[in-house]
Amino acid sequence: MRKAERLFQIIQILRRSSRPVTSSALAEELEVARRTVYRDIAHLIAQRVPIEGEAGFGYVLDPRYDMPPLMLTPEEIEAVVLGVQMVARLNDAAMRTAASDVMAKITSVMPPDLLPYIAEPAVGIRPEDIGRDAMVDTRPLRSAIREGRKLELDYRAADGTVSSRIVWPVLLGYAEAHSLLIAWCQSKQAFRHFRTERILKVEILAESIGMSRSRLRQQWQQWRDAEMRKPGRLP
């Protein structure tokens, strides 16, 4: 964990606690040595973060303290801009809109001296690479993944055959300008990848997948790793 991330996490830990937090507890959660915690606390206090306490007693954060406005480095800003440009290539209307909204929110709180890094970034992708395929509404797919619910799909295969399937959604992945629904297919009793532009109809079922999202994803990762180890597959 980088120092900047560690300092932010210390503030978050102190913010959520109503009692003094000892250096031992901070060190354990951050997975660092206690002397690192002492140095980080001293650094925060030097930066006028209102932390009170001492080693052996614990530390508390003044509840009136609020984090400063969003501050990003030029490199971080350009990374966000590049990410938004990449999302704009996707044939996913909701994700394109969400990316634009994120950019608008960041712009609204950005100090004036950093705005040129958004308006005229030093990074970019070729305009002709921006996707122009028919838009796909992936909101029901992402909602089912978050809620751990089964989906019923009408799906058109590459040969034109249409079938109805009940699947357990794992992840919505993206490859180039296409999106793929990764799911466990009940009828095939196997994991399958479904091109979202070939999904003709989707219905979120009331029935849950019957296991935690993390467990289902773990099983998919094990299947994927086994597939990648098969002869003839590239690593």
Side-chain angles (χ1 to χ4, degrees), residues 79-105 123-235:
V80 172
V81 171
L82 188 61
V84 169
Q85 292 177 356
M86 290 179 172
V87 172
R89 298 175 58 182
L90 305 177
N91 62 338
D92 189 324
M95 293 303 291
R96 286 189 181 188
T97 300
S100 297
D101 289 346
V102 167
M103 200 73 257
K105 290 177 180 178
V123 296
I125 61 173
R126 293 182 301 174
E128 60 266 27
D129 282 344
I130 296 177
R132 297 181 176 84
D133 295 338
M135 293 293 100
V136 175
D137 185 2
T138 61
R139 287 174 295 181
L141 307 179
R142 289 184 281 112
S143 177
I145 292 170
R146 288 192 294 265
E147 296 173 10
R149 294 166 62 183
K150 296 182 181 181
L151 289 169
E152 184 173 0
L153 307 177
D154 285 350
Y155 186 74
R156 183 182 65 248
D159 62 2
T161 304
V162 176
S163 61
S164 181
R165 305 162 181 251
I166 294 178
V167 302
W168 304 9
V170 179
L171 181 71
L172 188 62
Y174 292 91
E176 298 299 332
H178 302 290
S179 50
L180 300 167
L181 174 64
I182 300 166
W184 171 264
C185 179
Q186 285 192 180
S187 60
K188 299 293 184 180
Q189 287 291 290
F191 287 102
R192 291 289 185 266
H193 294 178
F194 301 94
R195 290 275 291 265
T196 55
E197 71 271 20
R198 294 178 183 166
I199 297 176
L200 307 178
K201 180 181 177 182
V202 57
E203 179 182 355
I204 301 178
L205 303 180
E207 186 178 0
S208 71
I209 62 176
M211 69 172 65
S212 67
R213 289 174 54 193
S214 60
R215 178 59 180 160
L216 180 61
R217 181 169 296 200
Q218 182 183 41
Q219 290 185 359
W220 165 67
Q221 290 171 337
Q222 292 171 347
W223 170 83
R224 180 194 59 187
D225 292 344
E227 288 291 305
M228 295 300 292
R229 288 194 295 268
K230 289 182 177 179
R233 297 296 298 268
L234 294 176

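In this chain, numbering begins with 1 at the start of the sequence shown.
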Student check: side-chain heavy atoms of L151 and L181 closer than 4.5 Å: yes

What I'd like to find out is whether the side chain of V84 reaches to under 4.5 Å of the side chain of V102, using heavy atoms alone. no

Who passes salt bridge (charged side-chain N to carboxylate O under 4.0 Å, His left out) against [X], sequence neighbours left out?
X: E207; value: K150
X: R149; value: E147
X: R195; value: E197

If the condition is side-chain hydrogen bond (donor to acceptor under 3.5 Å, both in side chains), which residues does [X] pass it with, not counting sequence neighbours?
X: R215; answer: Q218
X: S163; answer: R165
X: R139; answer: D137

What's the spacing between [X] [atom1] and [Y] [atom2] if we round to 0.5 Å?
X: I182; Y: L171; atom1: CD1; atom2: CG; result: 4.5 Å
X: I209; Y: L216; atom1: CD1; atom2: CG; result: 4.5 Å
X: Y155; Y: T161; atom1: OH; atom2: OG1; result: 11.5 Å
X: Q219; Y: M211; atom1: CD; atom2: CE; result: 4.5 Å
X: Y174; Y: T196; atom1: OH; atom2: OG1; result: 7.5 Å
X: L82; Y: M86; atom1: CG; atom2: CE; result: 4.0 Å

Would E227 and R224 count as a salt bridge (Lys or Arg N to Asp or Glu O under 4.0 Å) here? Give the steps. CA-CA 5 Å; E227 288 291 305; R224 180 194 59 187; over 6 Å; no

Have T138 and D92 got a donor and an acceptor in their side chains that come within less than 3.5 Å? yes

Which atom of [X] lies closest to which atom of [Y], heavy atoms considered:
X: Q85; Y: V123; result: NE2-O, 4.1 Å
X: E152; Y: S164; result: OE2-OG, 3.5 Å
X: V167; Y: A183; result: CB-CB, 3.8 Å
X: R217; Y: V170; result: NH2-O, 3.6 Å
X: S179; Y: L172; result: CB-CD1, 4.5 Å

Any side-chain to backbone donor/acceptor pair from Q186 onto I166? Under 3.5 Å, distance only. no

Please state whether the rings of F191 and W184 are parallel, tilted or perpendicular, taking 30° and 60° as the class boundaries. perpendicular

